[in-house]
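Heads up: the structure comes next, in structure tokens.
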Amino acid sequence: NAGVTQTPKFRVLKTGQSMTLLCAQDMNHEYMYWYRQDPGMGLRLIHYSVGEGTTAKGEVPDGYNVSRLKKQNFLLGLESAAPSQTSVYFCASSFLAGASTDTQYFGPGTRLTVL
Amino acid sequence: GNSVTQMEGPVTLSEEAFLTINCTYTATGYPSLFWYVQYPGEGLQLLLKATKADDKGSNKGFEATYRKETTSFHLEKGSVQVSDSAVYFCALSPRNSGNTPLVFGKGTRLSVIA
């Protein structure tokens with residue numbers, strides 16, 4: 001099993017450009033998440049999905065959109081990138097978020113710089 | 001609401017020193033508690049967890065005990081190694097939370113020097 005994979009690993013954008021980050025998991029997990037990690041801020045949840053075709057907002061959703069057309073994939077889009085979106089982005093998945101013992105599995109991260 | 005507070009880092013220790021990273025939480029009811037670790041350049045991975053009061057989670061020499069009376073889940077290790085250098089995150093999962101994701105603390109960076 002590859003677990004959770006993220007594409008790309010690094011990206012540099014100019015302000016106003018758009019891009020899509022891809023997350024894929026091969027564990028048949030129902031739940032998937034996108035976080036951003038900034039120095040001193042820990043992990044902040046952007047959006048998440050509780051199953052194919054569903055999405056929900058997290059703590060910091062503004063400026064991002066997501067889609068979950070297939071169970072194994074969760075896409076994070078930036079329509080018009082801003083320097084404030086410079087961050088490391090992590091995708092995660094879990095079998096059942098509602099199960100209080102559930103473990104989240106994380107991808108290796110995407111380092112995005114917006115100039 | 002639900003929240004997690006961790007001691008601020010960075011924490012710098014010599015090899016074989018004793019480690020404590022404090023974590024306290026606020027939650028409705030009795031959540032499950034987790035410690036995740038992030039090694040340099042990698043994503044987070046589960047280190048240990050505890051699902052009810054007085055449970056002790058343990059892994060790789062690390063331990064944490066779920067203390068309901070003090071709403072704490074402090075991480076400890078008796079003798080740290082250079083390879084333990086990482087960022088450690090405390091997290092909670094609200095019980096009967098439905099679709100509520102994990103709530104993470106801000107992380108504590110540990111550096112172990114030889």
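The sequence lines fix the lettering, A, B, ..., with proteins before strands; numbering per chain opens at 1.
Listed by sequence position, B/Gly41, B/Glu42, B/Gly43, B/Leu44, B/Leu46 are the residues of residues 39-48 of chain B in contact with chain A, using a 4.5 angstrom heavy-atom cutoff.
Between B/Gln38 and A/Phe90, the closest heavy-atom pair is NE2-CZ, 3.1 Å.
By the neighbour-count criterion of 12 heavy atoms within 6.0 Å, atom CD of A/Glu79 is sparsely surrounded, having that number or fewer from other residues, nucleotides or ligands. No more than 12 heavy atoms of other residues, nucleotides or ligands sit less than 6.0 Å from atom CZ of B/Arg109. The neighbour count for B/Lys77 NZ, taken as heavy atoms of other residues, nucleotides or ligands under 6.0 Å away, is above 12. Remark: B/Glu8 CD is loosely packed, at most 12 non-hydrogen atoms of other residues, nucleotides or ligands lying under 6.0 Å away.
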Give the table of side-chain donor-acceptor pairs shorter than 3.5 Å for residues 105-115 of chain A, with sequence neighbours excluded, one pair per line with atom names and distance.
unit_1, atom_1, unit_2, atom_2, d
A/Thr110, OG1, A/Gln6, NE2, 3.4
A/Thr110, OG1, A/Pro8, O, 2.5

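Put simply, the side chain of A/Gln37 does not reach to within 4.5 Å of the side chain of B/Phe104, judged on heavy atoms.
Take A/Gln85 and apply the side-chain hydrogen bond (donor to acceptor under 3.5 Å, both in side chains) test, not counting sequence neighbours, and it matches no residue. Under the side chain to side chain contact (heavy atoms under 4.5 Å, CB included) criterion, A/Gln17 pairs with A/Leu13, A/Lys14, sequence neighbours left out.
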